[in-house]
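Working notes, beginning with the structure itself.
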Amino acid sequence: MESNNLEIEYDLSPLCIVYKDGKVERLTGTEIVPPSAADPETGVGSKDVVIEPDTGISARLYKPKPTNPDQKLPVLVYFHGGAFLVQTAFSPTYQPFLNSLASQANVIIVSVEYRRAPEHPLPVGYDDCWAAVKWVVSHSGGNGEEEWLGDCADFGRVFLAGDSSGANIAHNMAIRVGSDGLGGGELAGLVLMHPFFWGKDPTGDETTDVGVREYLEKVWLSACPTSTGLDDPWINPVMDPKWSGMGCAKVLVVVAEGDVLKHRGWLYYEELGKSGWGGAVEIMETEGEEHVFYLEKPHCDNAKDLVKRVASFLNSD
């Protein structure tokens with residue numbers, strides 16, 4: 001590629017390389033797939049919509065095969081991972097997983113395409129995702145132009161979810177709901193799958209490997225160069241004084257045994273219960289698996305168990 005001959009600003013392989021002239025070479029998550037009128041495996045339909053033409057915020061919507069045309073379905077607003085730097089809502093990485101989740105949980109999913117760092121450093125991505133959440137709930141009461149939401153969605157049961165950096169976004173959106181309100185709907189719960197949280201000092205048995213810690217710090221500061229560092233509440237929720245006011249009634253944290261981020265998920269689970277927040281928090285750990293394994297191996301038994309647990313959480317009172 002032409003950019004290979006340019007001087008490197010920073011190398012975040014295997015995610016991306018950023019050159020001093022501003023060019024970004026993404027090394028993963030660049031492939032996209034079209035939506036499907038009916039997924040052959042699950043019957044789930046999907047389509048793409050534009051949320052804000054000026055900014056390019058868009059989404060892929062998933063709707064399960066109807067069993068009762070009059071039934072209103074919960075809405076899950078989903079934020080993809082990729083360290084804020086790579087992947088998209090239209091990636092083949094997400095299609096099988098979200099088809100399966102929409103089908104098993106019987107929910108409408110809005111998978112948000114937000115602007116990525118480093119071209120659009122945080123908090124741009126956070127603001128884009130907040131705009132998408134507000135767009136979703138603007139359809140309450142039969143309003144809005146998107147019929148899958150206006151006609152089929154139950155806005156008393158809105159959920160937020162994401163994986164890795166997308167889970168980080170989902171958490172920060174729930175914090176914003178707590179401070180700003182949702183309007184037009186009720187945030188029923190939050191699902192954080194292998195969340196990308198970190199901190200300046202190791203917690204528990206978290207790795208002390210200097211190389212690993214420096215790499216994760218570089219990823220965060222590349223995505224959010226104006227951050228105060230690794231104890232910024234955006235990346236380290238336990239440092240957030242607004243945590244106890246998070247705007248939902250229940251949270252499910254999902255971690256994997258072999259994930260370097262696992263200990264932050266456990267810390268989140270343990271400290272949320274002590275924060276003064278009045279909701280219920282659950283945690284699920286998958287043995288023998290790595291970070292976001294269910295996206296890489298969506299048909300394995302552990303991935304199926306994870307989808308089943310998340311679906312149960314979304315449908316429980």
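Keep in mind the model is a prediction, meaning the values are calculated, not measured. The chain is numbered in sequence order, starting from 1.
Taking CG from N302 and OG1 from T286, the interatomic distance works out to 5.5 Å, rounded to the nearest 0.5 Å. The distance from atom CG of L15 to atom CG of L85, rounded to the nearest 0.5 Å, is 6.0 Å. Rounded to the nearest 0.5 angstrom, R264 CZ and I235 CD1 are separated by 9.0 Å. Taken to the nearest 0.5 Å, the CG atom of L190 stands 9.0 Å off from the CD1 atom of I175. Expressed to the nearest 0.5 Å, how far CG of L216 lies from CG of L221 amounts to 11.0 Å. Taking CG of L192 as the start and CG of L160 as the end, the distance is 9.5 Å to the nearest 0.5 Å.
Under the 4.5 Å side-chain heavy-atom criterion for ILVMFWY residues, no single connected hydrophobic cluster contains both L314 and V177. L187 and V77 fall within a single hydrophobic cluster, where Ile, Leu, Val, Met, Phe, Trp and Tyr side chains are chained together by heavy-atom contacts under 4.5 Å. Hydrophobic clustering, with ILVMFWY side chains joined whenever heavy atoms are under 4.5 angstrom apart, keeps V75 apart from V310. F90 and Y78 fall into different hydrophobic clusters, where Ile, Leu, Val, Met, Phe, Trp and Tyr are joined by side-chain heavy atoms under 4.5 Å apart, directly or via other members. Using a 4.5 Å cut-off between side-chain heavy atoms of Ile, Leu, Val, Met, Phe, Trp and Tyr, with links allowed through other members, L230 and F197 fall into the same hydrophobic cluster.
In K308, the NZ atom is not crowded: 12 or fewer heavy atoms of neighbouring residues, nucleotides or ligands sit closer than 6.0 Å. The environment of CD in E145 is sparse: at most 12 heavy-atom neighbours from other residues, nucleotides or ligands sit within 6.0 Å.
Side-chain contact between V110 and L149 is present, with heavy atoms from C-beta onward closer than 4.5 Å. For the pair P195/H171, no side-chain contact is recorded, criterion being any heavy-atom separation below 4.5 Å from C-beta on. The closest side-chain heavy-atom distance from S222 to V219 is not below 4.5 Å. For the pair F293 and D259, the minimum side-chain heavy-atom distance is 4.5 Å or more. Residues H263 and D205 meet the side-chain proximity criterion, which asks for heavy atoms closer than 4.5 Å. Between R116 and Q87, the closest side-chain pair of non-hydrogen atoms is not below 4.5 Å. You'll find the side chain of M246 reaches within 4.5 Å of the side chain of V251, heavy atoms only. Put simply, the side chain of C152 reaches to within 4.5 Å of the side chain of K63, judged on heavy atoms.
Counting only distance, with no hydrogens or angles, the side chain of S316 and the backbone of F313 share a donor-acceptor pair below 3.5 Å. Not a single donor-acceptor pair under 3.5 Å links the side chain of R157 to the backbone N or O of V107. In terms of modelled atom types and a separation under 3.5 Å, the side chain of T88 and the main chain of S91 share a donor-acceptor contact. At least one donor-acceptor pair closer than 3.5 Å links the side chain of E257 to the backbone N or O of G288. With hydrogens and angles ignored, the 3.5 Å screen pairs no side-chain donor or acceptor of N106 with any backbone N or O of L73. Of the possible polar contacts, none joining the S312 side chain to the R309 backbone as a donor-acceptor pair under 3.5 Å is found. Remark: side-chain polar atoms of E113 are paired, donor with acceptor, to backbone N or O of A89 under 3.5 angstrom. In this structure a side-chain-to-backbone donor-acceptor pair under 3.5 Å is present from S165 to G82. With S46 contributing its side chain and S36 its backbone, the two residues share a donor-acceptor pair below 3.5 Å.
In summary, the side chains of D39 and Y62 do not present any donor paired with an acceptor at a separation below 3.5 Å, with no hydrogens or angles considered. Looking only at atom types and distance, the side chain of S227 has no donor-acceptor partner in the side chain of W234 under 3.5 Å away. In summary, the side chains of W266 and E285 do present a donor paired with an acceptor at a separation below 3.5 Å, with no hydrogens or angles considered.
Minimum interatomic distance between E119 and R26 (heavy atoms only, all atoms of both residues): OE1-NH2, 2.8 Å. The shortest heavy-atom contact between S244 and G276 is CB-C, 4.0 Å. Across all their heavy atoms, G183 and V137 have their closest contact at O-CG2, 3.2 Å. Nearest approach of N236 to G199, heavy atoms of both residues: ND2-CA, 3.7 Å. Considering all non-hydrogen atoms of both residues, K297 and A303 come closest at O-CB, 3.3 Å. In terms of heavy atoms, T28 sits closest to P14 at CG2-O, 3.7 Å.
Ring geometry, F196 versus F84: the interplanar angle falls from 30° to 60°, so the pair is classed tilted.
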Practice problem: Kindly indicate, with the supporting measurements, whether the criterion side chain to side chain contact (heavy atoms under 4.5 Å, CB included) is fulfilled by M193 and L306. | Solution: CA-CA 10 Å; M193 292 180 283; L306 186 151; 4.0 Å; yes
Exercise. Go through the steps to decide whether W148 and H139 satisfy the test side chain to side chain contact (heavy atoms under 4.5 Å, CB included), and finish with yes or no.
Key: CA-CA 10 Å; W148 283 10; H139 289 79; over 6 Å; no
Self-check item: From CA spacing to verdict: salt bridge (Lys or Arg N to Asp or Glu O under 4.0 Å), D128, R115
Solution: CA-CA 7 Å; D128 285 357; R115 288 173 289 178; 2.8 Å; yes
Quiz item: Would I169 and Y126 count as a side chain to side chain contact (heavy atoms under 4.5 Å, CB included) if you check the C-alpha gap in whole Å, the side-chain angles of each, and the deciding distance to 0.1 Å?
Solution: CA-CA 6 Å; I169 292 172; Y126 291 137; 3.9 Å; yes
Quiz item: Would R60 and V33 satisfy side chain to side chain contact (heavy atoms under 4.5 Å, CB included), going step by step from the backbone distance to the final call?
Solution: CA-CA 11 Å; R60 178 158 293 176; V33 292; 3.8 Å; yes
Exercise. Assess whether salt bridge (Lys or Arg N to Asp or Glu O under 4.0 Å) is satisfied between R176 and D127, documenting all intermediate values.
Key: CA-CA 10 Å; R176 194 155 177 178; D127 292 339; 3.3 Å; yes
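Tested against D48, the residues S58, S111, P34, P35 include a single side chain to side chain contact (heavy atoms under 4.5 Å, CB included) partner, P35.
Note on E146 versus K47: salt bridge recorded, some NZ/NE/NH1/NH2 to OD/OE distance being below 4.0 Å.
Remark: aromatic rings of Y294 and F97 are close, center separation under 6.0 Å.
The list of ring-ring contact (aromatic ring centres under 6.0 Å, His included) pairs with a residue in residues 272-292, not counting sequence neighbours, reads H194-H291.
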